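Note that the structure is predicted; figures quoted are calculated from it, not measured. Order of the sequence lines sets the chain letters (A, B, ...), proteins ahead of strands, with each chain counted from 1.
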Amino acid sequence: MACTLAICTGVDADYQGPIGASFEIAVASSSGTATLNYALYAGTALTSGPWKFTIASGVKVLTLVVESAVMGDRISIKEVTNGCNQVLDAFNYTPSLAPEGLELKGL
Amino acid sequence: MKKTLPFLFLFASLVARAVADDPSTVYGRCHNPDVLSVENRAKAENLPALKLALGVGRPCNLPLVQQYVLAHPPQFSEAQLEQMAQNLLTYVQQARQDKQIGASDNSIGTTSLVSKGVGAIIGVALESGSIQRTTSGNVATVTLNSAQAANFLSAGAIKPCAVIESNCAFGRKLLSGLTVMTTYDVAQANTSTNSTASQAALASLVGSNAPAFTGVSARLDFHARKKNVQLTDLVNTYQSSSYLSVTATYASAFNDLITSVDSNPDYQKALEDAITDLRNTAANDTDVKVNQILLNLKIAIAKIINNNAPTTAAFQTYASAENAYRGARDKALQAVLNKWTVSFQYDYNRLANQPDQSDFKAIYSYRRDADNDKVLQVTANAGATIYDSLLGSTTSRFRSAQAAFQLDFTATSTASKVQAAVSGGYYFQYMVANGLLTLPSTDLAPGTSIPLPGNASELLNTTGPIHIGQGKMTLSMKGSNFSIPLALTFSNRTDLIKASKVGGNFGITYDFSSLFGALKK
């Protein structure tokens, strides 16, 4: 199944997709204790799953507050729209990290 | 205050560099370091991955920019400083029953039968009535956790160790565990009920001439992490309204900051230049050259933050919200991760007309989530007291040994507007040595009217056991960060008088915002 978000070729955004299309986010981690606690995109805030949003026009930041109970846990931010599986970003967890901020461009 | 703050910020930024973790971390390298290798950085297909790694929105990139900005401090306004200070207060968690905000049990003004398992972060308490002392008083206790003080003074550059941080640097770990409390006698009050005229005279003597500064304490807290944390426990913890409300502010502040930086043409150009420079590096270029390009990008972003008023404001709001978020997260995680705490505390006590005394105490604290958000807290103390000086007396320097046990139960749900905790405790003290009094001397230095120092006088027959029981209720308003402890205490005797005592102890504890506001006036 094809994902909604595609890599953006310009420097103005990280990913892009058609305006009005929906996409779903999930997190996974090597320890299994990573949790996505809060997501904010284009004025829509979610505190629990399913983490679904609709692509807005222009460049908007998708903010994800992710936590883990294990230091150094390898966390993957994924798009799982309609069962697709695309890793958008990955990083090693420490409690001093900022939220994930992916710039998404609506086309 | 205005003149002191810049100096303190400068000093703190220097300390921040000294205690910062992992100074070798390089901007852009922490997500996907492979993309910066010689083989990968020039490949066209890796361009998106390269751009993604360098974005300011990556979780490990922004903290590095933030560290740079704080080491080259922007001008915080007084209002922003106050906001940051107030956000630190979210660390003061009123729902927790294992915090020691007021004076210890050995103070002349206290509501605490035991010393609690976690030093308060920043707190002020006013308490009245002693527990095991003959003398009662009204005592103000100022409590300060050193890591929170360093965090505030460094405008967030020195962060306390997070609850889950297992590899916290030694300096930050020490700062996080160290709490200092000072107590002041704000007004001498009543003494205990006295059974004889001589005891009344004695109480009258020790109940007068109290010094304003009555003691200082230092304590180190050690937490034990629970193993095998269940994911469902974490998810439930992160669904609490207290955590989510702070998280919403934090996420919004982050979103605004990244949007502000990202929409700046200078950022787009700096990012594009960095990518071009990286792709133009030759195979024989070393990591030093690559790191210099990454450093230049980090500095360019820091300058964008510092030189554009709206972005500066967004950064300051974010830094402030981040402090609050870390506090809320620690609070949420402590309930899951920190089941028990061991602390060691030293108290130096100045008492009216008595030699100075030192207490050494070990504190054990365990919390159990009894029913969803209702918490059962168990605290046990063991300690010993010595006379700092015998003033010529032949009595033992080892004054007494103590043991205490207390149960606290959060009686109301955390959703309730009025929070109430009920406590019951037992305290045992064995007086190994007789009590010592510093009686006023009537001798004068030869040929002068200068009085010679007072001599110690030993109170006979004050050794033996002291048994104390206490029932207590602590009331607080949700979100107000102040609480009112009310206690009723029964004892078979006090430290100097062998007469039973039934007394009330009450107090008010304030949060730091009240103090900060008062200082600013």
Residue part contacting chain B, namely of A:V59, when any heavy atom lies under 4.5 Å: side chain
Closest contact, heavy atoms only, B:S252 versus A:L40: CA-CD2, 3.7 Å
CG-CD distance between B:L62 and A:E100, expressed to the nearest 0.5 angstrom: 11.5 Å
Top contributor to chain B interface from A:V66, A:T35, A:D12, A:I75 [non-hydrogen pairs under 4.5 Å]: A:D12
B:D262 CG to A:K60 NZ distance, which is reported to the nearest 0.5 Å: 11.0 Å
Chain B contact via A:A13 - side chain, backbone, both or neither, heavy atoms under 4.5 Å: backbone
B:L52 versus A:Y15, closest heavy-atom pair with distance: CD2-OH, 3.9 Å
A:S31 versus chain B, the contacting section by heavy-atom distance below 4.5 Å: neither
Between CD on residue A:E103 and CD1 on residue B:I258, distance to nearest 0.5 Å: 7.0 Å
Per-residue contact mode, B:I275 against chain A (heavy atom under 4.5 angstrom): side chain
Smallest separation among heavy atoms of A:A69 and B:L234, with atom names: CB-CD1, 3.7 Å
Proximity breakdown for A:A45 and chain B, heavy-atom pairs closer than 4.5 Å: neither
Side chain proximity check, A:V65 to B:Y325, heavy atoms < 4.5 angstrom: yes
Partner chain A: residue of B:S263, B:P48, B:A251 with the largest heavy-atom pair count (under 4.5 Å): B:A251
Nearest atoms (heavy-atom pairs only) where B:P59 meets A:D89: CD-OD2, 4.1 Å
Part of A:S96 within contact of chain B (heavy atom distance under 4.5 Å): both
A:D14 bridged to B:K51 by N-O distance under 4.0 Å: no
A:L64, part contacting chain B, at a heavy-atom distance under 4.5 Å: neither
B:A248 versus chain A, the contacting section by heavy-atom distance below 4.5 Å: both
B:Y243/A:N37 under side chain to side chain donor-acceptor pair (under 3.5 Å): CA gap, chis, key distance, verdict: CA-CA 10 Å; B:Y243 169 79; A:N37 300 336; 2.9 Å; yes
Where A:S48 and B:Q239 come nearest, the two heavy atoms and their spacing: CB-NE2, 4.2 Å
When A:Y93, A:Y41, A:Y38 are compared by non-hydrogen pairs under 4.5 Å with chain B, the top option: A:Y38
Chain B contact via A:I7 - which portion, at a heavy-atom distance below 4.5 Å: side chain
B:F254 versus A:A98, closest heavy-atom pair with distance: CE1-CB, 4.0 Å
Point-to-point distance, once rounded to the nearest 0.5 Å, from CZ of B:R58 to CD1 of A:I77: 9.5 Å
Selection from A:L36, A:T47, A:L88, A:V61 maximising heavy-atom pairs under 4.5 Å formed with chain B: A:V61
